[in-house]
Amino acid sequence: MERSNHTATEFILVGFATDPTMQLVLFAVFLGVYSLTVVGNTTLIVLICNDSRLHTPMYFFIGNLSFLDLWYSSVYTPKILMTCISEDKSISFAGCVCQFFFSAGLAYSECYLLAAMAYDRYAAISKPLLYSQAMSVKLRAFLVVSSYLGGFINSSIITKRTFALNFCSGNVTDDFFCDLLPLVKLACGKKDGYQTVLYFLLASNVITPTVLILASYLFIVATILRIRSTQGRLKACSTCSSHLISVTLYYGSILYIYSRPQSSYSLDRDKIVSTFYTVVFPVLNPMIYSLRNKDVKEALDKLIK
């Protein structure tokens with residue numbers, strides 16, 4: 001990628017605090033969260049791979065979500081930890097490009113993957129007897145591969161357009177990683193075409209998967225209403241609850257930041273929200289999909305024994 005006509009050869013990540021004591025506290029907190037993320041997601045992946053009872057379409061997607069979250073968290077957290085304990089808050093131009101590219105690609109991929117999981121839940125409820133056939137191995141692989149391709153193709157577009165901007169307003173970004181909005185605030189002479197591309201990517205990577213998820217859940221609700229027994233309805237609802245929680249938390253935080261008008265942007269507030277979906281959310285998914293799941297608990301008990 002060719003550099004734009006800018007003076008910045010590196011960026012300074014302000015992070016969360018300048019007080020040394022607070023930085024050590026934040027280091028301990030982020031290290032603890034990251035450790036739980038690695039242990040939780042790795043354990044869930046191992047359980048799904050090793051236990052034959054978890055070789056179902058639903059757990060195939062959950063395993064891929066855990067892998068994505070593990071990778072996603074690793075893009076941010078090591079640099080955050082270094083920033084907390086080091087006086088050097090800088091990140092090179094190339095490092096910023098790489099972090100931006102992978103963070104955007106993984107975030108977009110997770111949007112598509114959650115949409116694919118919504119369709120999987122619809123297939124499980126609407127066709128319980130033909131669920132495995134409806135969600136064949138080829139279809140599952142296609143949905144996962146398409147999620148990654150869609151995410152990283154769009155990430156390539158937005159990365160190229162973002163770092164082609166002229167960063168003439170300094171190199172200090174008020175965030176803990178190379179994110180879109182703080183970088184745009186450093187740029188000047190932005191072309192209208194950039195805003196058009198930005199809105200297109202927001203629509204294709206966030207709004208479109210959201211619409212697909214809502215459509216899937218409308219069909220799910222319609223299917224549940226046709227179930228006569230109360231126990232059957234509760235069982236059908238329970239199969240969607242974990243996914244619905246994940247979707248609400250993830251899409252809620254992303255839409256809050258990126259779908260608002262520019263006049264309402266607040267970097268301090270957005271920094272806290274972005275921390276949730278970049279650092280906290282990856283550690284929540286293993287809990288969401290395992291604490292209320294009997295099969296996962298039994299698989300873990302079997303692995304421990």
Side-chain angles (χ1 to χ4, degrees), residues 33-34 36-38 40-42 44-45 48 57-77 98-122 140-159 177-181 198 200-217 240-259 270 273-290:
V33 172
Y34 184 59
L36 289 175
T37 300
V38 173
N41 284 289
T42 302
L44 194 54
I45 293 172
I48 293 172
M58 181 182 73
Y59 291 109
F60 174 80
F61 287 110
I62 292 175
N64 278 278
L65 181 64
S66 291
F67 172 74
L68 194 152
D69 282 338
L70 188 60
W71 187 8
Y72 190 37
S73 180
S74 298
V75 171
Y76 304 103
T77 312
C98 290
Q99 189 183 66
F100 185 93
F101 170 75
F102 283 107
S103 63
L106 293 169
Y108 296 156
S109 298
E110 185 148 347
C111 289
Y112 289 122
L113 186 59
L114 288 173
M117 293 174 71
Y119 176 76
D120 169 72
R121 293 297 80 215
Y122 164 68
R140 283 177 264 162
F142 171 77
L143 291 174
V144 171
V145 171
S146 298
S147 298
Y148 278 100
L149 283 177
F152 280 95
I153 288 174
N154 286 306
S155 175
S156 300
I157 297 172
I158 191 61
T159 302
F177 68 104
C178 291
D179 198 10
L180 178 64
L181 298 180
L198 183 60
F200 169 77
L201 292 175
L202 175 65
S204 61
N205 294 295
V206 181
I207 305 300
T208 299
T210 301
V211 172
L212 294 175
I213 291 173
L214 291 175
S216 296
Y217 272 98
C240 302
S241 58
S242 297
H243 176 260
L244 195 57
I245 293 172
S246 293
V247 169
T248 302
L249 294 176
Y250 188 71
Y251 276 89
S253 56
I254 288 182
L255 287 173
Y256 173 80
I257 291 179
Y258 294 106
S259 64
D270 292 352
V273 178
S274 61
T275 304
F276 179 81
Y277 73 82
T278 57
V279 179
V280 178
F281 184 77
V283 77
L284 293 179
N285 266 337
M287 300 178 186
I288 293 171
Y289 287 101
S290 61

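Values below: all heavy atoms of this structure, side chains included; hydrogens, waters and symmetry mates excluded.
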Enquirer: Decide side chain to side chain contact (heavy atoms under 4.5 Å, CB included) for Ile158 and Asn205; before the verdict, give the C-alpha distance in whole Å, the side-chain angles of both, and the deciding distance to 0.1 Å.
Expert: CA-CA 11 Å; Ile158 191 61; Asn205 294 295; over 6 Å; no
Enquirer: Could you tell me which non-hydrogen atom of Leu65 sits nearest to which non-hydrogen atom of Tyr289, and how far apart they are?
Expert: CD2-CE1, 3.7 Å
Enquirer: Taking atom CG of Asn154 and atom CG of Leu149, what is their separation to the nearest 0.5 Å?
Expert: 10.5 Å
Enquirer: Which atom pair, heavy atoms only, marks the closest approach of Ile213 to Ala115?
Expert: CG1-CA, 3.6 Å
Enquirer: Do Tyr122 and Cys240 have side chains that get closer than 4.5 Å, going by heavy atoms?
Expert: no
Enquirer: Could you go step by step and tell me if Phe281 and Ser73 meet the side chain to side chain contact (heavy atoms under 4.5 Å, CB included) rule?
Expert: CA-CA 9 Å; Phe281 184 77; Ser73 180; over 6 Å; no
Enquirer: Would you name the heavy atoms of Ser66 and Leu44 that are closest together and state the gap between them?
Expert: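 Heavy atoms of Ser66 and Leu44 come nearest at OG-CD2, 3.2 Å.
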Enquirer: Take a 6.0 Å sphere around OH of Tyr119 and say whether it holds more than 12 heavy atoms from other residues, nucleotides or ligands.
Expert: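 No, the 6.0 Å shell around OH holds no more than 12 heavy atoms from other groups.
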Enquirer: Tell me, with the steps shown, if Asp69 and Thr37 meet side chain to side chain donor-acceptor pair (under 3.5 Å).
Expert: CA-CA 8 Å; Asp69 282 338; Thr37 300; over 6 Å; no
Enquirer: Between atom OH of Tyr148 and atom CG of Leu113, what is the distance when rounded to the nearest 0.5 Å?
Expert: 7.0 Å
Enquirer: Using the ring-ring contact (aromatic ring centres under 6.0 Å, His included) rule, pick out the option among Phe61, Tyr217, Tyr250 that qualifies with His243.
Expert: Tyr217
Enquirer: Considering the options Leu70, Thr77, Val283, which one meets the side-chain contact (heavy atoms from CB on, under 4.5 Å) requirement together with Val38?
Expert: Leu70
Enquirer: Rounded to the nearest 0.5 Å, what separates atom CG in Leu244 from atom OG1 in Thr248?
Expert: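 That separation rounds to 4.5 Å.
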Enquirer: If you compare all heavy atoms of Ser103 against all heavy atoms of Tyr76, which two are closest, and at what distance to 0.1 Å?
Expert: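 Residues Ser103 and Tyr76, closest heavy atoms: CB-OH, 2.8 Å.
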Enquirer: What are the two closest non-hydrogen atoms of Val279 and Val33, and how far apart are they?
Expert: O-CG1, 3.7 Å
Enquirer: Quick one: pull up OH in Tyr59 and CD1 in Ile45 and give me the separation to the nearest 0.5 Å.
Expert: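 Nearest 0.5 Å value for the OH-CD1 distance: 15.0 Å.
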Enquirer: For Ser155 and Gly151, indicate whether the former's side chain and the latter's backbone hold a donor-acceptor pair under 3.5 Å.
Expert: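 No, because the side chain of Ser155 does not come within donor-acceptor range (under 3.5 Å) of the backbone of Gly151.
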Enquirer: Is any side-chain heavy atom of Leu114 less than 4.5 Å from a side-chain heavy atom of Pro209?
Expert: no
Enquirer: Mind listing the closest non-hydrogen atom pair of Pro286 and Asn41 along with its distance?
Expert: CG-OD1, 3.3 Å
Enquirer: Going by ring-ring contact (aromatic ring centres under 6.0 Å, His included), Phe152 matches just one of Phe101, Tyr108, Tyr112. Which one?
Expert: Phe101
Enquirer: Would you say Asp120's side chain and Ala116's backbone share a donor-acceptor pair under 3.5 angstrom?
Expert: no
Enquirer: Flag the pair Met117 / Leu143 as yes when at least one side-chain heavy-atom distance between them is below 4.5 Å, and no otherwise.
Expert: no
Enquirer: Return the OG to CD1 distance between Ser242 and Ile62, rounded to the nearest 0.5 Å.
Expert: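 Atom-to-atom, Ser242:OG and Ile62:CD1 are 7.0 Å apart.
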Enquirer: Can you find a pair of side-chain heavy atoms, one from Ser109 and one from Tyr72, that are under 4.5 Å apart?
Expert: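 Contact flag for Ser109/Tyr72 side chains = no.
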